[in-house]
Asker: 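I have a structure here, written as structure tokens, and I will follow up with some questions on it.
Predicted model only: the values in this text are computed from it and were never measured. For this chain, numbers begin at 1 and follow the sequence in order.
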Amino acid sequence: MYTLLVVAIPACSSKDFQRLGRYVMAAFPLFLSAALLLEGRPRLRWAVLGGFAVTLGALAVALGAGSCVA
């Protein structure tokens, strides 16, 4: 919840996302915790990685189509 708020507040208040990177660094502990939780669950880990790959592909297609995906 903390990470969602830390990222959502600047994302909603900024129109150009230029300085959003320093706020997103607060999400690092969330990814570390997720990695520790997924360490013993190979099926779930592959599902999460597959979801990230599909999302990355969709964002790449959107960027190629001319959308701003900052």
Side-chain angles (χ1 to χ4, degrees):
M1 192 66 171
Y2 167 75
T3 304
L4 180 67
L5 286 174
V6 165
V7 174
I9 290 171
C12 291
S13 65
S14 175
K15 62 179 177 173
D16 58 0
F17 300 110
Q18 286 296 320
R19 292 172 289 279
L20 190 60
R22 64 181 150 176
Y23 296 111
V24 175
M25 286 190 305
F28 177 74
L30 176 71
F31 288 112
L32 181 62
S33 298
L36 292 173
L37 288 173
L38 294 173
E39 184 178 14
R41 301 176 180 164
R43 280 187 168 174
L44 183 58
R45 181 175 57 220
W46 283 109
V48 169
L49 288 174
F52 285 156
V54 168
T55 303
L56 179 63
L59 289 172
V61 168
L63 181 65
S67 296
C68 180
V69 291

Asker: Run the side-chain contact (heavy atoms from CB on, under 4.5 Å) test against R45 and tell me which residues pass, sequence neighbours left out.
Answerer: L38, P42, L49
Asker: Would L36 end up clustered with L44 when hydrophobic side chains under 4.5 Å apart are linked, directly or stepwise?
Answerer: no
Asker: How long is the gap from CG on L63 to CG on L59, to the nearest 0.5 Å?
Answerer: 8.5 Å
Asker: Kindly write out the residues that satisfy side-chain contact (heavy atoms from CB on, under 4.5 Å) with L37, not counting sequence neighbours, or none if the list is empty.
Answerer: none
Asker: Looking at residues at least two apart in the chain, or sitting in another chain, which of them share a side-chain contact (heavy atoms from CB on, under 4.5 Å) with A62?
Answerer: S67, V69
